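To start, the structure under review is shown below, and the notes come after it.
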Amino acid sequence: MLQVNLIRKQKEWVLERLAVKNFHEPALVDRVLELDDQRRSLQTASEQLLARRNAASKEIGALMGQGKKEEAESRKKEVADLKEKLEQIEKDLAIADKDLQDALVRLPNLPSEKVPRGKTPEDNEVVRQGGTIPQLPEGSVPHWDLIRKYDIVDFETGVKITGSGFPLFKGQGAKLQRALVAYFLDYNTGAGYTEYIPPYMVNEATAYGTGQLPDKEGQMYYMPADNFYMIPTAEVPVTNIFRDEILKEPDLPVKMTAHSPCFRREAGSFGKDVRGLNRVHQFDKVEIVQLVHPSTSYDVLEDMVLHVEKLVQSLGLPYRILRLCGGDMSFASALTYDFEVYSAAQEKWLEVSSVSNFESFQTNRMKIRYKDADGKTQLVHSLNGSSMALPRIIAAILENNQFDGGIRIPEVIQPYFGKDTIN
RNA sequence: GGAGGAGUGCAGGAGUGGUUGAACUGGCACGCCUGGAAAGUGUGUAUACUCGAAAGGGUAUCAAGGGUUCGAAUCCCUUCUCCUCCGCCA
């Protein structure tokens with residue numbers, strides 16, 4: 001959520017930035033300002049009345065103490081008058097306040113200066129590319145066929161148990177995922193991230209904090225009996241760990257990592273893009289999150305990109321890093337880098353990680369602040385990234401590393417997997 | 001799920017309708033003291049919004065929300081959380 005003060009002070013600049021995200025609703029921005037004015041003047045009015053009421057009440061107390069009952073009674077009547085006015089103003093204030101919030105949460109984050117202009121994924125900027133695209137041997141097949149061949153993921157039984165998009169990992173497939181998760185977590189904790197296992201269901205306040213609510217309600221699985229949401233990513237519970245907290249400056253940066261299953265309804269997806277492990281309703285992911293001093297967040301973003309890049313490299317997968325254009329970025333992000341790995345049999349780039357700086361957009365909502373040396377409290381900046389999404393990594397490993405006798409396991413995973421080949 | 005008890009500031013812990021943003025103790029910060037430290041001593045110790053150029057005001061916040069009252073940390077209602085006992089249970 002943007003800070004109203006910023007909009008008030010630099011409206012033109014805000015509009016210009018929003019345009020980069022292809023967000024053209026100057027009327028909404030005007031409405032925010034109008035509601036903010038309204039709110040402030042109503043608040044001043046109500047507070048003045050309250051101040052008068054409080055003063056009068058104090059006097060009544062004093063008069064009662066002195067036994068001057070009649071004077072006290074007449075003052076009481078005065079206050080009763082105030083009360084009526086007050087009630088109306090407070091009602092209006094509550095409405096203005098709510099309308100302001102509603103308008104404010106509809107404004108996306110401002111993209112940073114580095115964000116390329118553009119509307120579609122084609123406008124994303126390739127920052128760099130690494131690894132080599134393998135020459136697959138004759139008779140190579142996509143991962144959905146390999147999965148059958150080696151009996152490592154059973155989609156049909158997943159359908160029986162739950163429904164489409166809920167894969168059942170089995171045998172060497174289950175173990176490969178476990179090995180990757182363990183490797184990713186070790187890699188992250190080795191870089192100073194603290195490991196967490198968060199709750200996989202969250203309440204409304206938490207979903208609101210990271211911006212899943214109120215907009216993306218339909219994308220999460222919802223448990224009406226308890227009013228909980230299944231998490232779409234560990235980012236949600238993990239970033240909320242520090243909701244409503246004030247950190248001390250030396251506590252920064254806070255670095256956290258967590259593995260979790262992710263649940264996404266993804267209503268409306270179909271076709272060959274969703275074949276096999278490309279897109280599913282339940283998948284596992286290891287996430288990294290940082291809460292940092294505002295002055296460092298863009299350096300930290302580059303660090304996180306490098307961190308993930310080395311991780312991809314260590315798996316020996318061909319990859320590219322994209323700087324997302326204004327039109328392809330998420331609502332809350334100020335700057336996002338996507339990682340894609342090349343899945344050689346389906347001849348396709350698959351997004352496996354997304355690393356973003358949210359600046360104070362999330363923390364303003366969540367009220368995650370720090371106290372600086374002067375004792376002033378300020379919002380921290382939040383960043384997160386996947387490190388990484390499991391099913392697509394598995395798809396790429398399977399396809400790129402296939403040979404006659406099976407599938408070669410990346411060297412760094414072998415100690416976790418216990419052998420060097422799936423066969 | 002049933003029956004009881006409890007939720008106060010950084011922490012412990014007072015406070016049952018009226019100068020209580022909140023005693024007291026501890027912690028922490030700064031100052032004095034000291035060659036330095038400890039002890040001692042003094043001062044300070046929230047957050048948000050808002051008015052103001054600033055100095056400085058105002059309002060709100062004693063789990064959350066609502067109500068009673070001229071006035072609520074204190075009374076009433078609802079919700080949440082924690083503790084104890086019973087039931088169920090990996």
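Below, each value reflects all heavy atoms present in this structure, side chains not excepted, and no hydrogens, waters or symmetry copies. Sequence lines set the chain letters: A, B, ... in the order given, protein chains first and strands last, and positions in each chain run from 1. What you see is a predicted model, and the numbers here were worked out from it, not measured in a lab.
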Using a cut-off of 4.0 Å on non-hydrogen atoms, how would the nucleic acid contact of [X] be classed: base, sugar-phosphate, or nothing?
X	result
A:S46	nothing
A:R40	sugar-phosphate
A:I246	sugar-phosphate
A:K371	sugar-phosphate
A:L50	sugar-phosphate
A:R52	nothing
A:A51	sugar-phosphate

> Does atom NZ of A:K419 have more than 12 heavy-atom neighbours, drawn from other residues, nucleotides or ligands, at distances under 6.0 Å?
Replying inline: yes
> Does atom NZ of A:K170 have more than 12 heavy-atom neighbours, drawn from other residues, nucleotides or ligands, at distances under 6.0 Å?
Replying inline: no
>> Using heavy-atom distances to pick each residue's nearest nucleotide on RNA chain B, tell me which of A:R75 and A:T377 is more 5'.
In response: A:T377
> For A:T44 and A:E47, take the nucleotide of RNA chain B holding the closest heavy atom to each; which residue's nucleotide lies nearer the 5' end?
Replying inline: A:T44
>> Check this for me: does any side-chain nitrogen of one of A:R40 and A:D36 sit under 4.0 Å from a carboxylate oxygen of the other?
In response: yes
Using purine N1 to pyrimidine N3 plus N6-O4 or O6-N4 for Watson-Crick, or N1-O2 and O6-N3 for G-U wobble, both under 3.5 Å, which nucleotide pairs with [N]?
N	answer
B:rU68	none
B:rA23	none
B:rC30	B:rG42
B:rG7	B:rC80

> So where does chain A start and stop touching RNA chain B, 5' to 3', when the test is distance under 4.0 Å to a non-hydrogen atom?
Replying inline: B:rG18 to B:rG71
> Which atom pair, heavy atoms only, marks the closest approach of A:P253 to A:Q290?
Replying inline: CB-OE1, 3.8 Å
> Where is the tightest heavy-atom contact between A:Q3 and A:S360, given as atom of each residue plus distance?
Replying inline: OE1-OG, 3.6 Å
> Taking the P atom of each, how far is B:rA72 from B:rG18, in whole Å?
Replying inline: 11 Å
> How about A:L277 and A:F155: do any of their side-chain heavy atoms sit closer than 4.5 Å?
Replying inline: yes
> Would a line drawn from the ring center of A:H259 to the ring center of A:F184 be shorter than 6.0 Å?
Replying inline: no
